[in-house]
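Read the structure below first, then the notes.
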Amino acid sequence: MTTNGDATVKVVPVRHVGQWIAAAIAAVLIAMLVHTLFSKLPTGQYACHLVNGVRKCHQITEWRFSWDIVGRYFFTSEILHGLLTTLELTVLSMLVGVILGVTIAVMRLSTNRLLSSTAWTYTWFFRGTPVLVQITVWYFISILYPVISFGIPFTNLTFFHFSTVSVFTPFIAGLVALGLNEAAYMSEIARAGLISVDEGQTEAASSIGMTRRQTLRFVVLPQAMRVIIPPTGNEVISMLKTTSLVSVIGVVELLGAATNIYANNYLIMPLLLVASLWYIVVTTVLSIGQYYLERRFAKGALRTPPPTPIQRLRRDVAGILSKVRTPRGVLGASR
Amino acid sequence: MSNPMVEVHDVHKSYGGVEVLRGVNLAVERGEVTCLIGPSGSGKSTLLRCINHLEKHDAGELRVDGDLVGYEARGGKLYERNDKQICAERSRIGMVFQRFNLFQHLTVLDNITIGQVKVKGVELVDARARARELLARVGLDNKEKNYPSQLSGGQQQRVAIARALAMEPKLMLFDEPTSALDPELVGEVLDVMKDLALSGMTMIVVTHEMNFAREVANTLYFLDVGVIEESGHPREILSAPKSERLKSFLSKVL
C-alpha cells in the first residue's frame with residue numbers, strides 16, 4: 001500500500017462496463033419472464049352487470065399459468081399418492097442401485113478375472129440398453145421365465161417355486177428395472193471413488209494388520225465417499241424423474257397421477273405444472289441434504305471446511321452491519 | 001548370530017522382468033538399529049516391503065522372529081498364508097512410510113486408535129489411553145483432535161510413528177521417514193526415532209540421513225543394484241568405504 005503523506009491512497013477498482021450492460025439485459029429479461037408468470041389472459045367471454053341501472057360489461061380474464069387450478073390440484077389425494085409412489089420407487093431403487101453398484105465396483109477391482117469381467121459385462125449390458133426397454137422387459141419377464149424355482153441347478157430337484165407373474169407386479173417390475181439399471185451407473189461412480197483413494201492408505205492399513213475387508217470398510221470407503229457422494233446425489237435427483245417412466249407399465253406415480261387427471265378434464269398445462277412443482281420441491285430438499293452429507297464426508301480433506309450457507313449469510317450480514325456502523329470508506333475496513 | 005529378529009537369505013524380487021533384488025542377505029539382531037543406504041532404485045524400499053510382506057519376494061528365505069514371512073513350511077513345501085494370517089503377522093511389524101500415509105478422514109487420536117480396536121480388539125477406552133500416552137511420547141499431546149491435513153509434515157510423521165507403536169510391534173520398519181520433510185522438520189522426527197532406538201526397539205531404517213546412520217545405527221548396509229555391496233559398523237563404513245560404488249555414492253550425498 002502506498003501512502004501519500006498521512007492520508008491512505010484510495011484504490012479505485014476497474015469498472016466492468018460490459019458486465020453492467022449484460023446484467024441490465026438479464027434483469028429486463030427476468031422481469032419479463034416473471035411478469036408473464038403472473039399475468040392474466042383474456043378468455044373471450046364477457047361478464048355484464050348493472051351498475052346504477054347502467055349495464056356494464058368487461059372481459060373475463062384468467063391466470064396465464066392457471067395458478068388457481070394448480071393450487072386446487074396441488075394437494076389432492078391422487079397427486080399425493082402419486083408423489084408417495086415416486087418417493088418409494090426413488091428410495092428403494094437407489095438403495096438397490098447403491099448396494100449392488102458398490103458390490104460390482106469391488107468385483108470390478110478384484111484380481112480374480114472372472115469376477116472383474118462379470119462386473120464389466122454387467123455394466124456394459126445395463127448401460128447399453130434403454131431403461132424404458134428394461135422396464136418393459138421386467139414387466140413381461142414371465143414370458144421368458146414363467147416359474148421361479150429354488151433347487152439344485154441343472155437337476156429336477158426343486159424345494160419351492162412360484163409363478164413369476166405373481167411376483168412381478170408393476171411396482172416390483174419397475175423397482176427391479178430401475179434398481180438394476182442404476183447399479184450399472186453407481187458401480188462406475190463407486191469405482192471412481194475407490195480408485196481415487198491413495199494407495200498409501202491401503203498400504204498403511206495393511207501395515208497395521210487390517211484385513212482387506214477391514215481396509216475397505218474403515219479406510220478406503222469412508223474416503224471414497226467424498227468422491228462418490230456428489231455424483232450419487234446427481235443420480236438420486238435423476239432417478240426421481242426417471243421413475244416417471246414406470247407409468248408405461250401402469251404404475252401410477254406422480255406424473256402418472258397428473259396424466260390420469262388431465263386425461264379426463266383436459267387441464268394439461270396446470271397438471272403438468274403441479275407435477276413439475278412437486279419434482280422441484282423434492283429436488284430442492286434432496287440438494288440440501290446432499291450439501292450437508294458432503295460436508296460430513298469432507299472431514300479431514302480440507303484444512304478449514306467452508307462455511308455453510310447459513311454461516312455465510314450470518315457473516316455477510318455482520319459484515320454489512322459493521323460497515324454501516326463505521327462508515328469510513330477507507331481501505332482495510334474489512335479483512 | 002543366535003536367534004536374530006530378521007533373517008534375510010538370498011532374497012530375489014523382480015518387477016516385470018527387472019530384477020530389483022538379486023540375492024540379498026542380511027540379519028538384524030534384537031534391539032539393534034540397522035540402516036539401509038543406497039542410491040534410488042537400489043532396492044532398499046523393496047527389501048523393506050518384502051520384510052512386511054507388502055510385496056511378495058520371488059525366491060529366497062525371509063524370517064521375522066523365526067517365522068517365515070507370508071508362508072508356512074509344511075512337509076517340505078511352502079504354503080502361502082491367507083489374508084488373515086498375514087495380517088496378524090504384519091500387525092506386529094510397524095511400518096513408517098515416506099509419505100506418512102495417515103488416514104486422512106480420521107483425527108490424530110482415531111488414527112492411533114483404529115488399529116488397536118479393529119485389529120487387536122482392544123477396548124476403545126484403553127486404546128484411547130494408550131494413544132494419548134504415545135502422543136505424549138512423540139510430543140504431540142495437544143493435537144489429538146486435529147486432522148492430519150492440519151499438521152506439518154514432521155508432526156504427521158510423528159503421528160505415523162505413534163500409530164505404528166500402538167500395535168506394540170516387535171520390529172519397526174522406516175521407509176525414508178524424513179525424505180518428504182522440509183529440512184527444518186527432519187530433526188524432530190529423527191529425535192523421536194533416536195528415542196525409540198534407545199528404548200531397545202529393533203529397527204530397520206532406509207535413510208539418506210548419514211548423520212543419523214552414523215550416530216544411531218549398529219549396522220549399516222549399502223545396497224546397490226539389488227545386492228548388498230558393503231556392510232558393517234556405520235562409522236567404519238562411512239569413514240573408510242572399501243568398494244568404489246560406496247565411495248562414489250558417499251561423495252555425492254555427504
Side-chain angles (χ1 to χ4, degrees), chain A residues 102 106-107 109-113 115-116 189-190 192-230 232 290 292-308, chain B residues 45 48-49 51-55 82-108 110-121 145-151 156 159-160 162-169 172-175 180:
Chain A
V102 171
V106 173
M107 278 170 68
L109 296 171
S110 165
T111 46
N112 184 308
R113 290 286 288 277
L115 288 181
S116 69
I189 291 170
L194 291 175
I195 59 181
S196 77
V197 178
D198 184 45
E199 213 186 349
Q201 297 287 313
T202 315
E203 284 184 356
S206 316
S207 83
I208 58 169
M210 282 195 187
T211 60
R212 267 182 290 185
R213 182 189 287 264
Q214 287 175 323
T215 304
L216 184 69
R217 170 140 178 241
F218 301 119
V219 176
V220 178
L221 264 182
Q223 294 186 65
M225 289 309 273
R226 202 169 75 81
V227 175
I228 292 175
I229 285 172
T232 304
Q290 180 189 352
Y292 283 95
L293 206 62
E294 272 176 37
R295 271 181 72 85
R296 195 185 133 70
F297 280 99
K299 263 188 203 164
L302 304 163
R303 276 171 211 222
T304 43
T308 62
Chain B
S45 292
L48 214 58
R49 295 161 65 85
I51 294 173
N52 204 3
H53 207 63
L54 279 177
E55 304 277 358
N82 64 31
D83 192 36
K84 215 169 187 172
Q85 292 168 321
I86 290 174
C87 287
E89 265 188 325
R90 260 196 213 122
S91 71
R92 300 299 311 277
I93 306 174
M95 180 128 183
V96 174
F97 300 87
Q98 183 177 350
R99 300 197 47 238
F100 333 128
N101 296 351
L102 289 177
F103 304 133
Q104 298 295 321
H105 61 304
L106 299 178
T107 61
V108 164
D110 289 344
N111 261 281
I112 307 173
T113 321
I114 190 167
Q116 299 184 68
V117 174
K118 302 296 178 194
V119 177
K120 285 174 69 186
K145 289 201 176 72
N146 287 81
Y147 285 93
S149 60
Q150 297 166 325
L151 303 183
Q156 288 193 52
V159 173
R163 176 177 68 180
L165 290 177
M167 303 306 288
E168 297 179 308
M172 284 283 284
L173 308 175
F174 293 85
D175 189 2

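Side chains are part of it too, since the values below use all heavy atoms of this structure and drop only hydrogens, waters and symmetry mates. These numbers come from a predicted model, not from an experiment.
Annotation: maximal heavy-atom pairing with chain A below 4.5 Å, among B/Leu173, B/Asn52, B/Leu102, B/Val96, occurs at B/Leu102. Between chain A and the options B/Gly115, B/Ala166, B/Ser91, the largest number of non-hydrogen pairs under 4.5 Å is found for B/Ser91.
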Query - A/Arg217 vs B/Lys118, side-chain contact (heavy atoms from CB on, under 4.5 Å): CA-CA, chis, key distance, verdict - result: CA-CA 11 Å; A/Arg217 170 140 178 241; B/Lys118 302 296 178 194; 5.9 Å; no
**Report entry** Intermediate values then yes/no, side-chain contact (heavy atoms from CB on, under 4.5 Å), B/Val117 and A/Phe218
**Finding:** CA-CA 11 Å; B/Val117 174; A/Phe218 301 119; over 6 Å; no
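Nearest heavy atoms, B/Phe97 versus A/Ser207: CE1-OG, 3.8 Å. Between B/Met167 and A/Ile208, the closest heavy-atom pair is CE-O, 3.2 Å. The two residues B/Arg90 and A/Ser206 make their nearest non-hydrogen contact at CD-O, 3.1 Å. Nearest heavy-atom pair across A/Pro222 and B/His105 is CB-CD2, 3.4 Å.
For chain A, the nearby parts of B/Phe103 are the backbone and the side chain; heavy atoms of each come within less than 4.5 Å. With a 4.5 Å cut-off on non-hydrogen atoms, A/Ala298 does not touch chain B at all. Heavy atoms of B/Leu54 lying under 4.5 Å from chain A belong exclusively to its side chain.
With rounding to the nearest 0.5 angstrom, the CZ atom of A/Arg213 is 10.0 Å from the CG atom of B/Asp83. Distance check, rounded to the nearest 0.5 Å: OG1 of A/Thr202 to CG of B/Asn101 gives 9.0 Å.
Of the candidates B/Met95, B/Arg49, B/Arg99, A/Glu203 forms a side chain to side chain contact (heavy atoms under 4.5 Å, CB included) with just one, namely B/Arg49.
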